[in-house]
Number of protein chains: 2
Amino acid sequence: MPVVHTLGGMMDRIRALLTVIEEGSVNRAAVRLRITQPALSRQMQALENELGGKLLERETSGVKPTGLGHALVKAMRPLVEGYDTALAELRRQARGERSELRVGYLLSAAQSMLTPALAKLRKSQPEVKLKLHDMSPREQIDGLRAGELDLALIGQEGVTAASEFHSAKLCSLRVCIAVSDNDPIAAQKNITLKELKGRDFIGVDEDQVPGRNRWATALCKSAGFKPRFVVVVDGITNVFSQVVSESGVTLLPGYFEKLQHPGVTFVPVSDEKARWDFIVLWQKGLASTATRALVEALKQVAVTLR
Amino acid sequence: MPVVHTLGGMMDRIRALLTVIEEGSVNRAAVRLRITQPALSRQMQALENELGGKLLERETSGVKPTGLGHALVKAMRPLVEGYDTALAELRRQARGERSELRVGYLLSAAQSMLTPALAKLRKSQPEVKLKLHDMSPREQIDGLRAGELDLALIGQEGVTAASEFHSAKLCSLRVCIAVSDNDPIAAQKNITLKELKGRDFIGVDEDQVPGRNRWATALCKSAGFKPRFVVVVDGITNVFSQVVSESGVTLLPGYFEKLQHPGVTFVPVSDEKARWDFIVLWQKGLASTATRALVEALKQVAVTLR
DNA sequence: TTGCCGTTATGCCAGTTGTGCATACCCTCG
DNA sequence: CGAGGGTATGCACAACTGGCATAACGGCAA
């Protein structure tokens, strides 16, 4: 039996078998499959060889599946159909017709921008299904890397990962510091970075908000000194506890000014160079129209907030 | 871009892509796949052409999936794995290592044979999982045809379908008739077919028990007359009602003698030629060892009952 | 900068495979 | 026994695919 064929095209032969069994005839199936009957006949032989058992009862009136043939149909038809639909969905997605948009964001940071941008998006592309994920900057970046997010709204933390993805800077916010209510600085309306020289700084866990400490360090260096991080905590609320108990300070993006936290006062930093960039990251490769639309909407919203 | 390839081997290329993404490198993936790097490189190009979008970010240190690439992995990996396991299962089944055995039987007819046979089977192949289906002869045949049964225990009704499947005659039972208690025949110990000449016969629905009427007709013809079916009912219990009310008779396999039904008396037919064959049918093609074992067990049980 | 080493991409050739065509074979029915 | 339906087979050819050699490209170190 010199009918060997490759193991590769086996799925095609399985498809062919499904058609043959549907039609009950190699001849008619061959017509449907746009190949000749001999070719199809040989495919069936090949499939039987590969599986090691007869699949069809050849009768003078056509063909009929054997038990094994039936079993194959039952096992393979759903897989083949799933394969086809998955393929179709991928092709659509490749053409940018992705209907689902998975957005990662940090509620405290992105709220003022994301909400109006989403409203715009819904107006221009109402059929887009949104999945919003409130997650830490680190989780956002990991999500992008793992392909679980299409787009991430992220602050300064994102610049370290910006080269991995497409990115756009949305706006550049002012910066503030958090100090204890008891601290003399708390009474000031403004503060310059220079005034922080020699103060103890509270750092945050690099895993949770990567790059934040580096950003603070860079800012201080531009003001002529090197910050000393006396403690590193994980999570922003713990930062506030430390601010109160240790009377250290920490540099924060400006939107924290609106926050209230017992025992903590936020003081704006007046240095012009002290800015907190807010950026949006999205997957490389062909972005869906929905992704592009949301990025555009975010940019438009950003200019109004500047 | 003249990289076209066939649409056929697409699944292979998807498999290849899965490996490439796992390895993060075309080179290493090529090693795992036992092909050269250029070949694999071209496969990836082909896949991207077929899908209409980039799947990989080529970087100097290797490759990284794009969003589309990630989506493909998420959609296709389970399908590919399902396909492989299904294929393996089919191959095992083709080798006769089927662990499940679906048996169709008619409780009233097969009980005396099936129970001991199953006991034998359990002793010789304890790991076989059994699925027993009590169903009418017609349902059994349909089940075999649809591949939902591996084996059917069926009476005379099965002979019409015997050519479609493998079959073995298990035993040949004596025949009896059912008559009303009031009928003079009811007092007899035996009866010959000839004595039934001129009597009204009760037939059964051809859909439920195909071939039964033909069997009765053939028997009567061998005794020199043609039975007259005054009524055809569906289901054996209705036959008994008719036997009582219409004082017709009906030919039945011998195992009914053990039954009790108010107003009905069963009288054995003494003709030597009047026999009711009991057969087992199973799927054509390679039967599993379990199937063969059960057939053997049934045959052995049958000889003890003869 | 230059050279080296890693990566992926491309040109070309040969082996293999799957297909179509023509035809053989087999069965059933008239 | 021939006609007409089915499936299988012999054969030649086009096409795809893989291997080899090599290009192109980017990073890194001297």
Side-chain angles (χ1 to χ4, degrees), chain A residues 1-51 53-66 69 163-164 284-285, chain B residues 1-50 53-66 68-69 163-164 284-285:
Chain A
M1 50 193 80
V3 187
V4 279
H5 288 236
T6 58
L7 275 71
M10 175 134 51
M11 191 166 195
D12 297 316
R13 292 189 275 279
I14 289 176
R15 294 188 119 86
L17 178 69
L18 294 180
T19 313
V20 168
I21 290 181
E22 269 177 30
E23 292 289 338
S25 153
V26 178
N27 255 320
R28 286 196 298 278
V31 174
R32 254 180 62 182
L33 295 169
R34 319 294 198 107
I35 60 176
T36 56
Q37 170 270 319
L40 186 51
S41 192
R42 267 194 275 261
Q43 284 198 27
M44 297 301 95
Q45 295 170 39
L47 195 54
E48 288 178 328
N49 285 344
E50 286 160 345
L51 282 165
K54 283 189 63 173
L55 292 163
L56 295 170
E57 288 295 329
R58 276 78 165 177
E59 300 180 356
T60 145
S61 62
V63 294
K64 240 183 40 176
T66 64
S163 60
E164 286 183 60
K284 273 192 175 170
Chain B
M1 50 193 76
V3 187
V4 281
H5 287 234
T6 59
L7 274 71
M10 174 134 53
M11 189 164 197
D12 297 315
R13 291 189 276 278
I14 289 176
R15 294 188 119 85
L17 178 69
L18 294 180
T19 313
V20 168
I21 290 181
E22 269 177 30
E23 293 288 339
S25 152
V26 178
N27 254 322
R28 287 196 298 277
V31 174
R32 255 181 62 182
L33 295 169
R34 320 293 197 108
I35 60 176
T36 56
Q37 169 269 319
L40 186 51
S41 194
R42 267 195 276 262
Q43 285 198 26
M44 297 301 95
Q45 295 170 40
L47 195 53
E48 288 179 328
N49 286 342
E50 285 161 345
K54 283 189 64 172
L55 291 163
L56 296 169
E57 288 294 329
R58 274 77 164 178
E59 300 179 357
T60 154
S61 62
V63 294
K64 240 182 44 176
T66 64
L68 188 59
S163 59
E164 286 183 59
K284 273 193 174 171

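Numbers restart at 1 for each chain; the letters A, B, ... are given by sequence-line order, proteins then strands. Keep in mind that the numbers below use all heavy atoms, side chains included, and drop hydrogens, waters and symmetry copies.
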[X] [atom1] to [N] [atom2]: how many Å, rounded?
X       : N      : atom1 : atom2 : answer
B:Asp12 : D:dT17 : CG    : P     : 9 Å
A:Gln43 : D:dT7  : CD    : P     : 14 Å
B:Arg15 : D:dT17 : CZ    : C1'   : 18 Å
A:Gln45 : D:dG10 : CD    : P     : 10 Å
A:Glu59 : D:dA8  : CD    : P     : 12 Å
A:Met11 : C:dG18 : CE    : P     : 17 Å
A:Arg58 : C:dC27 : CZ    : P     : 15 Å
B:Met10 : D:dC16 : CE    : P     : 14 Å

*Contacts to DNA chain C from residues 23-35 of chain A, heavy-atom cutoff under 4.0 Å, which residues?*
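The answer is A:Arg34, A:Ile35.
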*A:Gln43 versus A:Ile35: any side-chain heavy-atom pair under 4.5 Å?*
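Result yes, sub-4.5 Å side-chain heavy-atom pair found.
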*Sequence neighbours excluded, which residues qualify as side chain to side chain donor-acceptor pair (under 3.5 Å) partners of B:Gln37?*
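Once residues adjacent in sequence are excluded, B:Gln37 has no partner under the side chain to side chain donor-acceptor pair (under 3.5 Å) criterion.
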Between atom [atom1] of [X] and atom [atom2] of [Y], what is the distance when rounded to the nearest 0.5 Å?
X       : Y       : atom1 : atom2 : answer
A:Leu17 : A:Leu40 : CG    : CG    : 9.0 Å
A:Leu55 : A:Asn49 : CG    : CG    : 10.0 Å
B:Asn27 : B:Thr36 : CG    : OG1   : 10.0 Å
A:Leu33 : A:Asp12 : CG    : CG    : 10.0 Å

*What residues form a side chain to side chain contact (heavy atoms under 4.5 Å, CB included) with B:Ser61, not counting sequence neighbours?*
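Once residues adjacent in sequence are excluded, the partners of B:Ser61 under the side chain to side chain contact (heavy atoms under 4.5 Å, CB included) criterion are B:Glu59.
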_Across nucleotides 22-30 of chain D, 5' to 3', mark each nucleotide with B, S or - according to how protein heavy atoms within less than 4.0 Å reach it._
----SS---
_N or O in side chain of B:Ser41 less than 4.0 angstrom from C:dT8 OP1/OP2_ =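 No.
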*asked:* I'd like to check the salt bridge (Lys or Arg N to Asp or Glu O under 4.0 Å) partners of A:Arg32; sequence neighbours left out, ordered by chain and number.
replied: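 For A:Arg32, the residues satisfying salt bridge (Lys or Arg N to Asp or Glu O under 4.0 Å) (neighbours in sequence not counted) are A:Glu22, A:Glu23.
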_Can you give me the closest heavy-atom contact between A:Glu48 and A:Leu56, atom names plus distance?_
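Heavy atoms only, the tightest pair is OE2-N, 3.1 Å.
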*Examine the base of D:dG19 for any acceptor or donor lying under 3.5 Å from a partner atom in the side chain of B:Arg42, and report the outcome as yes or no.*
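For B:Arg42, whose side chain was compared with the base of D:dG19, there is a donor-acceptor pair (under 3.5 Å).
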